[in-house]
Protein chains: 2
Amino acid sequence: MPAATLDPMRPPRPDDDRPHYLTLRDQLGEAIATGRLAPGTRLPSERQLQSETATARGTIREALFQLEAEGRIYRRDRSGWYVSPAAVTYDPTRWAGFMTYVVEQGRTPATQTLSIDSVAAAAATAGIFGLAIGAPLHELTRRRSIDGRPVLVERIMVDPALAPDLATQDLDGSLTHILSRHYGLAAVRNHIDMRPCALTTPVAGTLGVKSGTPGLLIVRTSFAANGRVVEYDHEYWRHDAIKVQVDLTIRA
Amino acid sequence: MPAATLDPMRPPRPDDDRPHYLTLRDQLGEAIATGRLAPGTRLPSERQLQSETATARGTIREALFQLEAEGRIYRRDRSGWYVSPAAVTYDPTRWAGFMTYVVEQGRTPATQTLSIDSVAAAAATAGIFGLAIGAPLHELTRRRSIDGRPVLVERIMVDPALAPDLATQDLDGSLTHILSRHYGLAAVRNHIDMRPCALTTPVAGTLGVKSGTPGLLIVRTSFAANGRVVEYDHEYWRHDAIKVQVDLTIRA
DNA sequence: GAGTGGTCTAGACCACCTT
DNA sequence: AGGTGGTCTAGACCACTCA
């Protein structure tokens, strides 16, 4: 027998025959569900869990990744793992901006403008706005936070013909309000695309998450009564920060 | 110098200072984007990639996990990694069932009924149907596939007062049609909740994916004109199989 | 039976956060 | 300065798929 190739350190699989990381995942999940680990709490460090449970660090991390995928914990880079706060509910049929509905849910929103530029419309974008390729567009990027935690990065395109001098406005508040009060632009119809995605460079960096973290992409096209596109918006959300809720009547 | 603790095998970080797994991820991603690896194609095995790139298997796997999180590849357990097919578009405002809109997009849908039972309504469910706790409900679970790949598991609750003998129907087709043709039940309003989730036991097992795989949960409550709940449905989707699209008018 | 991914160990060094 | 997660190596055995 080639006993030399056996790994004498290998512990047996648990009796229930489930992988160790699922057992650990469910133990930690239980502690979160019962409130023993409250939202915002920091989990024990990986090395601490390692010595408590006598398993390798890789296995510990696998359990943590699972909880992260479920949206129950998140990481602050090189600081630790934390229990996720509750997700906010987002209803795209209501024309209330981020600032409004976050406050309505008892949370504290914040917005930071990252950039406001004039860019030339690419083919796809030009088609959406009904403009010629290369036509100028406002491109606004912002980061929005809830209770101090960044939850989304958005890139908004606006037709400067409808909103001249947008760059001179204070864009750290509600764009909705600016568009309606300063420019008389009110959306009457929204077209929304939504799909799970991975947050990658540079969005991941801006949100302070690891590249590849699961996220949700919401693309919103807002139309005015005359059919012009008022806003074309890409929102990259942390997947644990949002629940989408829509109430709608059925078309044929 | 404690040279004995140095790892002589450790290769240098690449010049661009990005982790190796991101480099590999982007190389594979490029091959997928350009069509060199077409949807449905199997990727080289992990050990093959390992020897091609001279990196450890764990690093290879990290790159694959990233592409999986982006929805660009998926795994068939112990068979290999495959390039994901295109996602189907789902428009909850259209009262067309799964079978219909999948066909409209040139794909082949299939449905398997997993179970049909009568269960006692729990508190939350009873509230939704406006029934007493413990009242009987039909509970239907099904698995649905596109082009032979399972993409979602759903659990549907139906009030037996509105649809008696539902269990005797052929449930492998469109429930929508059965409800409207046999029972005269047509939904006029949908309430929809949507959020990224992780697919865990037992859903993961039914879809043949690893527990913890990212997914999308859609909860749909359908109301008839008289306000009664026609259907209360939980759909657990593979996250790479669906794009949600909604077109809606703005409420105040 | 050969090959695949799934799980697990036991280290190492690094960049960065925290105090 | 000490601790944290981030990255990476180099193995091992296992359960399962596929031909």
Side-chain angles (χ1 to χ4, degrees), chain A residues 1-14 16-25 41-51 53-68 73-82 201 204-205 208-213, chain B residues 1-14 16-25 41-51 53-68 73-82 201 204-205 208-213:
Chain A
M1 290 287 288
T5 65
L6 287 174
D7 183 348
M9 290 290 94
R10 183 127 210 280
R13 267 293 185 76
D16 58 5
D17 200 33
R18 300 175 71 216
H20 291 147
Y21 69 85
L22 289 183
T23 308
L24 178 56
R25 175 194 77 182
T41 309
R42 217 192 84 179
L43 269 60
S45 78
E46 295 176 3
R47 286 168 177 86
Q48 200 167 326
L49 290 170
Q50 205 181 336
S51 59
T53 62
T55 55
R57 191 166 154 226
T59 304
I60 302 288
R61 282 170 68 78
E62 181 64 31
L64 295 171
F65 294 160
Q66 294 255 337
L67 290 166
E68 182 189 38
I73 65 176
Y74 68 102
R75 30 183 150 181
R76 295 218 280 261
D77 193 48
R78 273 164 259 258
S79 160
W81 295 87
Y82 297 80
T201 314
V209 304
K210 223 189 65 157
S211 178
T213 302
Chain B
M1 289 284 288
T5 65
L6 286 176
D7 182 350
M9 291 287 96
R10 185 126 209 279
R13 266 293 186 76
D16 59 4
D17 200 33
R18 301 174 70 218
H20 292 148
Y21 69 84
L22 289 184
T23 308
L24 178 56
R25 175 194 77 182
T41 308
R42 217 193 84 179
L43 269 60
S45 77
E46 294 176 5
R47 285 167 177 88
Q48 200 167 327
L49 290 170
Q50 206 181 335
S51 58
T53 61
T55 54
R57 192 166 153 226
T59 304
I60 302 287
R61 282 170 68 78
E62 181 64 30
L64 295 170
F65 295 160
Q66 295 254 337
L67 290 165
E68 182 189 39
I73 64 176
Y74 69 102
R75 31 184 149 179
R76 295 219 279 261
D77 192 47
R78 273 164 259 256
S79 158
W81 294 86
Y82 296 80
T201 312
V209 304
K210 224 190 65 158
S211 179
T213 303

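Letters A, B, ... mirror the listed sequences (proteins, then strands); counts begin at 1.
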Using side-chain heavy atoms (C-beta onward) and a distance below 4.5 Å, is Thr53(B) in contact with Thr59(B)?
no
What nitrogen or oxygen pairs link the protein and nucleotides 1-4 of chain C at under 3.5 Å?
{"residue": "dT4(C)", "atom": "OP1", "partner": "Ser45(B)", "partner atom": "OG", "Å": "3.4"}

When you measure only distances, ignoring hydrogens and angles, does the side chain of Arg57(B) come within 3.5 Å of the base of dG6(C) through a donor and an acceptor?
yes
Round to a whole Å and report the spacing from CZ of Arg25(A) to C1' of dT7(C).
15 Å
Consider the side chain of Arg61(A), meaning its heavy atoms from C-beta on, and name the nucleotide among dG5(D), dT9(C), dG6(C) that approaches it most closely.
dG5(D)
Please state how far atom CD in Glu62(B) lies from atom C1' in dG5(C), giving the value in whole angstrom units.
16 Å
Whole Å only: how far is the CZ atom of Phe65(B) from the P atom of dG6(D)?
15 Å
Kindly compute the distance separating CH2 (Trp81(B)) from CD1 (Ile60(B)), expressed to the nearest 0.5 Å.
11.5 Å
Arg18(A) has an atom CZ; how far is it from atom C1' of dA15(D), in whole Å?
17 Å
Strictly distance-based, threshold 3.5 Å: is any side-chain N or O of Gln66(B) a donor or acceptor partner for the main-chain N or O of Ser211(A)?
yes
In whole Å, I'd like the distance from the CG atom of Leu22(B) to the C1' atom of dG6(D).
11 Å
Phosphate OP1/OP2 of dC8(D): any His20(B) side-chain N/O under 4.0 Å
yes
Got a second to check how far Ile73(B)'s CD1 is from Tyr82(B)'s OH, nearest 0.5 Å?
12.0 Å
Length of the line joining Asp77(B):CG and dC16(D):P, which is rounded to integer Å
8 Å
At under 4.0 Å, does any side-chain N or O of Tyr21(A) touch on OP1 or OP2 of dT7(C)?
yes
Quick one: CG on Leu24(A) to CG on Leu64(A), what's the gap to the nearest 0.5 Å?
6.5 Å
Looking only at dT7(C), dT7(D), dC8(C), the nucleotide nearest the Lys210(A) side chain is dT7(D)
Integer-rounded Å distance: dG3(D) P and Leu49(A) CG
16 Å
Salt-bridge contact Lys210(A)-Glu62(B) (side-chain N to carboxylate O under 4.0 Å):
yes
Below 4.0 Å: OP1/OP2 of dC16(C) and any side-chain N or O of Arg76(A):
no
Under 3.5 Å, is there a donor-acceptor pair linking the side chains of Thr201(B) and Arg18(A)?
no
What integer distance in Å separates Gln50(A):CD from dC8(C):C1'?
12 Å
